[in-house]
Number of protein chains: 2
Amino acid sequence: MGSVTHTDNGSSPAAEQAARGRAADTSRGEQTRQAIVASAIRLFGEAGYEKTTMRAIAADAGVSVGNAYYYFPAKEALVSEFYLELQREHLARVEPILAGGTSFGDRLAAILREGIEVWAPHHAFAGRFIGIAAVPGSPVSPFSEESSDARELATSIFHRLVDSTETKMDPQLRARLPQLLWLAQLGLVVYWVHDTTPGQRRTRAVVDLAVPYLEYLVGASRMKIFKPLTTRGLTLLEAVWPRTAA
Amino acid sequence: MGSVTHTDNGSSPAAEQAARGRAADTSRGEQTRQAIVASAIRLFGEAGYEKTTMRAIAADAGVSVGNAYYYFPAKEALVSEFYLELQREHLARVEPILAGGTSFGDRLAAILREGIEVWAPHHAFAGRFIGIAAVPGSPVSPFSEESSDARELATSIFHRLVDSTETKMDPQLRARLPQLLWLAQLGLVVYWVHDTTPGQRRTRAVVDLAVPYLEYLVGASRMKIFKPLTTRGLTLLEAVWPRTAA
DNA sequence: TCTCCGATTTGAACGTGTTCAACTTTCGGA
DNA sequence: TCCGAAAGTTGAACACGTTCAAATCGGAGA
């Protein structure tokens, strides 16, 4: 997974240090930790969030309940391990897409579709996941400090996408586009989670329609007539999400 | 509260029947039910969601725990009562705004600000609330069947706002604008919940900036140059949220 | 080899949301 | 007035997430 190479934008050194330290750590503690994570991920995937009890996870990992709490402060914390697993897979799938030389829109659509594909087997679970992620204090929240690594990892995908595109667009929009696309992806996930059509085909249809529209909007941003629209939109974005903020 | 008079757009007759039936019902059961609701609302407001136990609610209402479950399937169900209470207050505050003769933008901003005002004392609680509402199956979910009444009540506000505005705009957009504004309000709530600035002043700043921008966009929709932007956007909206759906 | 001390592990215990079989109250009709 | 069914009510019991004092382990130093 070359994906890890994208973590190297100096962010939250503590968490990164911890992750790096863990990767090399083969001590007893780390083995236990990973056994718990593996069991949790498997059982979450098989039976969903609520049906998977901490006792079941501990038993499956061959440890006691209390031991699981030595490594994870709460059941919710195990959810972010599940999330990280899927994000790693998404990143791996996205790599060849970014390397490919197709258009901005095609690649954006491919990235979004791969995201849906990765999550597809866990549609039911994702419903609970989003409920946990939506509460502000939660470490799994996409806006939380704890997930800033995951967030920058995700935005880095769109950053690379935008940087490698030659589509003409407003330069200020270009600077902000990665964040906007990340936001759009977030919205798409929320939509997908609530999409009850078989196979979530409606979400896929929305992607097919939305991406060309976005491409059109981005292209239009460089035209004089759309200047006020673009500028005012970016001003609003600056108020909503200041560039200085994490 | 003249607000109730806006419920009369034939929606989900079952739920409405139940609500109407309850309003007139003074039987013992209904009294118990309301005692539980009152206790739950008060305790939620005082101590938040998790700190308020079902045992505390039941004790406060002077009933047994099991009795509370005779009227409400789960603790979460009591949350929607809390939500309804606040929505009723919002509706009452919005009434004079809609009656007033100010501009579209001014009234929209006032509506949104009143919404924030109503929720302001419960910012911490709202964090949990949104976590519950975000999970797809939940009856509190803004997209759920159970909350279709509340949803139509909310959109009816924006419907009246749009109907009574003389701002020139694309007719198709006008037809869809109420739903779009409802969606925008939803996004604003999510933003507000995550806003940790003191008094959520950033959210208020966003409203101040976003509303004029929306007003500008709406006005622009009738111009020829923006036709493709408008039309394609509405096509996308039709895919995302078909008019035929509830 | 022995002795510590921190890291790890345990399982019983607590408080919670929720369920349920049994009990009590209400009230329309004989 | 009485009966029976429906509505309402109870509290003990269950399963769960979480906590914690105590037990165990493992390796660095004497």
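In what follows, every chain begins at residue 1, and chains take the letters A, B, ... in the order their sequences are listed. Hydrogens, waters and symmetry mates are skipped; everything else that's a heavy atom, side chains included, is used.
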Whole angstrom is fine here: how far is it from [atom1] in [X] over to [atom2] in [N]?
{"X": "Y71(A)", "N": "dT9(C)", "atom1": "OH", "atom2": "C1'", "value": "8 Å"}
{"X": "F72(A)", "N": "dG17(D)", "atom1": "CZ", "atom2": "P", "value": "15 Å"}
{"X": "I132(B)", "N": "dG17(C)", "atom1": "CD1", "atom2": "P", "value": "11 Å"}

Residues touching DNA chain C, which here means a heavy atom under 4.0 Å, drawn from residues 59-70 of chain A: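 Contacting residues: V63(A), S64(A), G66(A), N67(A), Y70(A).
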
Below 4.0 angstrom, which residues in residues 36-58 of chain B have at least one non-hydrogen atom near DNA chain C? T52(B), T53(B), M54(B), R55(B)

Judged by atom type as modelled, is there a donor-acceptor pair below 3.5 Å linking the side chain of H90(A) to the main-chain atoms of I111(A)? yes

Quick one: do [X] and [Y] make a salt bridge, cutoff under 4.0 Å?
{"X": "D60(B)", "Y": "R55(B)", "value": "no"}
{"X": "D208(A)", "Y": "R113(A)", "value": "yes"}
{"X": "E145(B)", "Y": "R151(B)", "value": "no"}
{"X": "R204(A)", "Y": "E117(A)", "value": "yes"}
{"X": "E46(A)", "Y": "R42(A)", "value": "yes"}
{"X": "E50(B)", "Y": "K75(B)", "value": "no"}

Hey, can you tell me if F44(A) and Y49(A) have their rings parallel, tilted or perpendicular (30° and 60° cut-offs)?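 Ring orientation of F44(A) relative to Y49(A): tilted.
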
